[in-house]
Each structure stands twice: as structure tokens, then as C-alpha cells.
Amino acid sequence: MILEKNPSLQTSIGAAINRWYLADESECVRLLADIAREPEPRRQRIRDTAMTLVNAVRRNREHKSGLDEFLHKYDLSSQEGVVLMCLAEALLRIPDADTADRLIADKLSSANWQEHVGTSESLFVNASTWGLMLTGRFIRPDADMLTNPGSFLSRLASRVGEPVVRGALRQAMRIMARQFVMGRTIRDALQRSRSGDNREYRYSFDMLGEAALTAEDAQRYFDAYADAIAALGESIEGKLAAEEAPSISVKLSALFPRYEFAQWRRVLEELTPKLLELARQAKAAGVALTVDAEEADRLELSLAVFEAVYRSPDLDGWQGFGLAVQAYQKRALYVLRWLAGLAGQVGRRIPVRLVKGAYWDTEIKRAQEQGLSGYPVFTRKVNTDVSYLACAREMLAAGKHLFPQFATHNAHTVASILFIASPMNNGRRDFEFQRLHGMGEELYDEVVGEEKMNAVCRVYAPVGRHEDLLPYLVRRLLENGANTSFVNRIVDEAAPVEDIVADPVSAVDALDTIPHPRIPLPAHIYGERRRNSRGVNLADRNELEPLARAMQAALEREWTAVPVIGGEHIDGATTPSIDPTDIRRVVG
């Protein structure tokens, strides 16, 4: 455990970033807005560029990728989007076939599928609608199927049985996986990355899968990462600069089953050598390696592991070791400043992938459940957009210390970065954009290439079996499926372009309250009549240190308890009181 006899629990990382862990959102956003703010003439130029991008995407909708259109058609504001989410969750999490069959039978007949059949301009979405509802095989639909597919599905399930429908849904997931996942294996993904228009992009490959629960899981993930690094190294022709090389994304939680703050010492002793070994292999293969971002309570631990590996002399001369930073965390800007300082000390550039963040709902609910004093993330999307722009400016200003990698599908964000980095602003061109595989092609078709905006883009490409797709797909739906997301609105003709490309700093300036008014602080989630129980942020040493001192003082005190009768203490024979957690210790 972290709570030991120690003069100080604080680390240099925590001292640099944790003041802002659960900081007041208004104070934090105002500071970030001042960094991100542009004068009006520049705002107009950015807005004009963003409008050009959005209009181009809408003109090219007939070429729209399946995932963009799928998220638009089945977003989480639609009944059918929720049905698909339930089905995906059922197939993923329900262990017995009978329960899954009953849920499938219930959900398939409850949605209004006829609103979607044949209404999309995307052949993929129309095929997916029927693929999700039927068997994935070619059939000849009759009039009743087209006008009332829910009724037809109910009859189909009763006639052939829910197991057949369940099998059909699984088959549909396999078919859809090709749209969402680059390949079943790293070699499949590499082959696909070299075909057609895919050759215009750089690639970062992510081996699909969730956190390791056992040592065997961790070893399996380690072997998968090592195999992927070897395959990527074999695919490289000639010598590439670190920023041009293909990369592999590594989840630390996949490499160690107890990857948590309370296991700090074990993580540093047991996980760090594993990550260092993968980094050595990547360096030898000429492949870049990026440490993926995870939940807020693991951030300081992730940075400690990253620093320990980054400082290794084994990596001297290699500038391919980087990590992802989440702009929706209040500490993001200060993480970037810490990283730039680290790079300055060691003398090697750090590639940094700036993302918005994909665990927002989890972070909000955990803070409420634990009774924390605030949230580690922003409660409004526009606040995160402001943070992203401020962080982007920080990265571009970091010079040789950081290699900026901007992961975004937002046209205003893209236009802002292009403007900040333009020669007229004495900007830098050694950066890249990143997008998810299956999303954002139309946007980046207008950005990538010398004949367009002369920017470079890397594709974040998931690799794995269709069974591993579902958790990833659920995160993408949660992150991008809601009708407020940019991915959804950019293709929605009813959404005014002016609203889509609005400057987030101006939007924040116009807010009455910067935090979301319908997301109260954890202490107030039950209303004013009842306070939520107060907790301690056990992943912040600033809170652990006074707790540790108080616990140590309590341990050093000798406690005495006596019976009290009629208000008087009754003396008698003494009996030692033993600590139930350590029977060697007498506490009083």
C-alpha cells in the first residue's frame, strides 16, 4: 500500500499536476480560455476555413464512410441506437444463451426499424440494418418485411428460434467488424493499410482487448504487442524518421492485472520492465510506441511508469516513445508542461497524441460514487474543446521537446491548429493529425496532401477479432453517437454550419455558469436536503499525505477503554486490545 512510514508521499509528478486534479471548473476553464483565445480577425479566418471543411464533407456525403453514417443513423438519441447498444452489451456480457435470446427477442421487436430501412444514402448502413435484423444471408424481402420489420422479426424468432437470430446477430457483427476494425491480425491490418487510398496515411495500430485480469492475460497481451512490433518492423522498407514510422499503441492496464494507484511499488517494479522491453523491441524494429491514456486515477501512475522507461539509457537516440494525453482532464495542460520539462532534461523529443477522452461517463460516475470534492474532467463538451485548443497551442509552442499529434474529427479544431501552425504565425509544420479508422475520411480528404492543406494524418487502427470489437464499439458510440457530437452533426443537413464551426472560447464566454448546471458536484447529487457522503481521493497524494499523518498519529497513541457505570469509570484488570488486521500489535 501507499500509506507507509514515509517523510513525504509527494512525487515531482504529483507536485506538477495534482493541484488541478479536482480543481474548480470555472477557474480552470477561464485560464484555458485565455490561452486558447484568438483576436476577432483570426477567429474569422479560422471560422471560414472550418466552414469550407464542413461544406466539403457534406458535398461528399455519397462517399461517406460506413462508421460515420452508422453513428449518425443509430445515435444514442434514437430508440434504435439504444436497442443496438443493448444487443451489443447482451452479446458481450450475458454468459448464458437463454438470457441473451430473451433480450434479443424483446429488443428487436421494440424498435421502429422501418424508419431506417432504405432511408440512408449509405449502402453499408442499409445492409447493416438488415444484417442486424435478419440472418446476414441474401434473401428476397416481401412487402410486409419492408413495412413492418419488427413484426416480421418477432415471427422469424418464433418460427426458427432465438438461437438462430442470435447467431445471425453475431454473424452481422463479424461482417460489420471489417468497417470498424483494420484487420483480425496485425498482418491483415498491414496488408489493408497498403491498399487503395489507405496508402496516403500513417498508421498507429491498437491491439483490441480490455484490461488484464490475470497474469496469464497480461502475458498474452505482452506477446501480442511483441508480435505486432515485429510484424511492423518487417514491413518497413528503408529507414524512416521516428515521426514517419508506423506505431503500436500499448495499454498499461493490459500488461499488469493490478495496475492501480494502491499498487504503486509493484507496478513500478513489475510493469516498468515489461514496458521497457517492448520499447527496446520497438526501437530495434524502427517502430514508434505510444502509451495509451486510461482513467484519471491512473494518470500519475502512468506518468511515473512512462518517466522510468523514458529515462532509460537503452532508449538513447530514439524519439519514438510517446504517450496520449486526454484534454477532457483538468490536469491536461500541466501534464504537457511536465512532459516538455522531462524532454528538456533527457534531450529526446516526446511524441504526444492529444485526444479529447473516451471515459467521460465513467469519470463522472466514479467521482459521485466516491464522494470526491469535484470532477477530474470537464462537465461540458465546450469546456473540453477549449482545453483541447489551449493544449494544442502549448504543444506547438514546446518546440523540439514535443512532437504534436492531434487526434480530432472536429473541423473547427483542425482549422485552429492549421492556423496556429501556419507560416504567417511563425508556426511549425512538424506535427500530424490523427483520426479513427472508419471515421473522418471526408474531413481529412480536404486536409491531407500538398494539393490540399499540406497536412499529414495518421489513422488509429484497431486490430483484433470481432469478439473484441464490442467494448471498443460501445466506447465509440458513447463518445461520438450522441446528437451533440461533431461526428453526428457534421453530416446532419439540419444542423447549421455556423453552429457547427462556432468558436468554443466565444461559447464559454457567453455561458452563465461554466460547469454544467445539471451535473451537480458529487456532494450535491441528492439535492440540497441530503449531502452525499464525503470521500478521499485515494489517487491524489495531496490528500493521502494528511490522511497518512493522521493515521500514523492514531497508531502511535495508546488507547484505553474502561466501563462507565453511572457516569463513573470502573477500574479493573487490564486486557490487551489486539489490532484485528495485525494480531502482533497491541493498540491499547
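Please read all numbers here as calculations on a predicted model, not as lab measurements.
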Side-chain heavy-atom pair Pro246, Leu240 within 4.5 angstrom cut-off: yes
Go through the steps to decide whether Asp385 and Arg380 satisfy the test salt bridge (Lys or Arg N to Asp or Glu O under 4.0 Å), and finish with yes or no. CA-CA 9 Å; Asp385 292 339; Arg380 288 188 194 261; over 6 Å; no
Identify whether the distance between the nearest side-chain nitrogen and carboxylate oxygen of Glu243 and Arg349 falls below 4.0 Å. yes
I need the minimum non-hydrogen distance between Leu190 and Ser235, along with the two atoms involved. CD2-OG, 3.8 Å
How far apart are the C-alpha atoms of Asp445 and Lys452, what are their side-chain angles, what is the distance that settles it, and do they pass the salt bridge (Lys or Arg N to Asp or Glu O under 4.0 Å) test? CA-CA 8 Å; Asp445 280 348; Lys452 295 295 178 65; over 6 Å; no
Between Glu200 and Val448 (side chain of the first, backbone of the second, donor and acceptor by atom type, cut-off under 3.5 Å), is there such a pair? no
From Arg541 atom CZ to Tyr21 atom OH, the distance as rounded to the nearest 0.5 Å: 12.0 Å
Rounded to the nearest 0.5 Å, what separates atom CE in Met395 from atom CG in Leu402? 6.5 Å
Gap between atom CG of Leu315 and atom NZ of Lys283 - 0.5 Å precision: 6.0 Å
Answer yes or no: does atom CG of Asp197 have more than 12 heavy-atom neighbours from other residues, nucleotides or ligands under 6.0 Å? no
Using the ring of each side chain (for Trp, its six-membered ring), is Phe205 parallel, tilted or perpendicular to Tyr203, with breaks at 30° and 60°? parallel
Report yes if some heavy atom in the side chain of Val386 is under 4.5 Å from a heavy atom in the side chain of Phe378; otherwise report no. no
N/O donor-acceptor pair under 3.5 Å between His409 side chain and Leu443 backbone: no
Should the heavy atoms of other residues, nucleotides or ligands under 6.0 Å from CD of Gln345 be counted, would the total exceed 12? yes
Looking only at heavy atoms, the pair that brings Ala455 and Leu418 closest together is CB-CD2, 4.2 Å
Flag the pair Tyr359 / Tyr328 as yes when their ring centroid distance falls below 6.0 Å, and as no otherwise. no
Give a yes/no verdict on a cation-pi contact between Lys356 and Tyr388, requiring under 6.0 Å between NZ or CZ and the six-membered ring centre and an angle within 45° of the axis. yes
For the CZ atom on Arg311, are there more than 12 heavy atoms of other groups (residues, nucleotides or ligands in this structure) within a distance under 6.0 Å? yes
Does the side chain of Trp20 come within less than 4.5 Å of Glu27's, by heavy atoms? yes
Measuring only between side-chain heavy atoms, which start at C-beta, is Phe321 closer than 4.5 Å to Val291? yes
Would you call Leu396 and Phe406 a side-chain contact if the rule is heavy atoms closer than 4.5 Å? yes
Does the side-chain contact (heavy atoms from CB on, under 4.5 Å) test come out yes or no for Val352 and Val335, once each step is laid out? CA-CA 11 Å; Val352 177; Val335 171; over 6 Å; no
Is the shortest side-chain N to carboxylate O distance from Asp34 to Arg30 below 4.0 Å? no
Main-chain N/O of Asn537 paired with Glu543 side-chain donor or acceptor, under 3.5 Å: yes
Measure from the side-chain N and O atoms of Asn198 to the backbone N and O of Arg192, and report whether any donor-acceptor pair falls under 3.5 Å. yes
Considering all heavy atoms of both residues, which atom of Leu278 and which atom of Ala226 are nearest to each other, and what is their separation? CD2-N, 3.9 Å
Donor-acceptor contact present, side-chain Arg435 to main-chain Cys457, <3.5 Å: no
Salt bridge check, Asp227 against Arg187: does any charged N sit closer than 4.0 Å to a carboxylate O? yes
Say you draw a straight line from OG of Ser387 to NZ of Lys330; how long is it, rounded to the nearest 0.5 Å? 11.0 Å
Lys365 and Glu369 ion-paired at < 4.0 Å: no
Hey, is Lys251 close enough to Asp206 for a salt bridge, meaning N to O under 4.0 Å? yes
Can you check whether Ala242's main-chain N or O pairs, donor with acceptor, with Gln319's side chain at less than 3.5 Å? no
Residue pair Gln368 / Tyr375, side-chain donor-acceptor N/O under 3.5 Å: yes
With side-chain contact (heavy atoms from CB on, under 4.5 Å) as the test, would you mind laying out the steps for Tyr460 and Asp292 before giving the verdict? CA-CA 11 Å; Tyr460 185 85; Asp292 260 337; 3.0 Å; yes
Heavy atoms of Ala218 and Ala212 approach each other most closely as N-CB, 3.7 Å
I would like to know whether Trp338 and Glu307 meet side-chain contact (heavy atoms from CB on, under 4.5 Å); could you show each step before the answer? CA-CA 10 Å; Trp338 178 82; Glu307 179 182 17; 3.6 Å; yes
Below 4.5 Å, heavy atoms only, C-beta onward: do Phe306 and Leu339 meet side chain to side chain? yes
Please determine whether side-chain contact (heavy atoms from CB on, under 4.5 Å) holds for the pair Phe256 and Leu275, giving the CA-CA distance in whole Å, both sets of side-chain angles, and the decisive distance to 0.1 Å. CA-CA 10 Å; Phe256 193 67; Leu275 182 61; over 6 Å; no
Can you see which heavy atom on Ile236 is nearest to which on Ala285, and at what distance? CD1-O, 3.7 Å
Please check: side-chain N/O of Tyr225 versus main-chain N/O of Ile248, any donor-acceptor pairing under 3.5 Å? no
Quick one: pull up NZ in Lys274 and CG in Leu252 and give me the separation to the nearest 0.5 Å. 11.0 Å
I want to check something: taking the side chain as every heavy atom from C-beta on, are Val459 and Tyr444 in contact at a cut-off of under 4.5 Å? no
Backbone N/O of Arg353 and side chain of Gln434: donor-acceptor pair under 3.5 Å: no
Under 3.5 Å donor-acceptor, Thr379 side chain and His516 backbone: yes
When the ring planes of Phe431 and Phe433 are compared, do they come out parallel, tilted or perpendicular, using 30° and 60° as the limits? perpendicular
Side-chain contact test, heavy atoms from C-beta onward, threshold under 4.5 Å: evaluate it for Arg366 versus Asp297 and give yes or no. yes
Minimum-distance pair of heavy atoms, taken over all atoms of Leu354 and Ala392: CD2-N, 3.8 Å
If I take atom CD1 from residue Ile229 and atom CE from residue Met207, how far apart are they, to the nearest 0.5 angstrom? 10.0 Å
For Tyr259, which residues count as a side-chain hydrogen bond (donor to acceptor under 3.5 Å, both in side chains) partner, sequence neighbours excluded? Ser302
Test item: Arg331 side-chain N/O and Glu300 main-chain N/O as donor-acceptor pair under 3.5 Å: no
Excluding sequence neighbours, so at least two apart, what forms side-chain contact (heavy atoms from CB on, under 4.5 Å) with Glu394? Leu333, Leu336, Arg337
Side-chain donor-acceptor pair under 3.5 Å between Glu295 and Thr362, yes or no? no
Flag the pair Asp217 and Arg220 as a salt bridge only when some basic side-chain nitrogen lies within less than 4.0 angstrom of an acidic carboxylate oxygen. yes
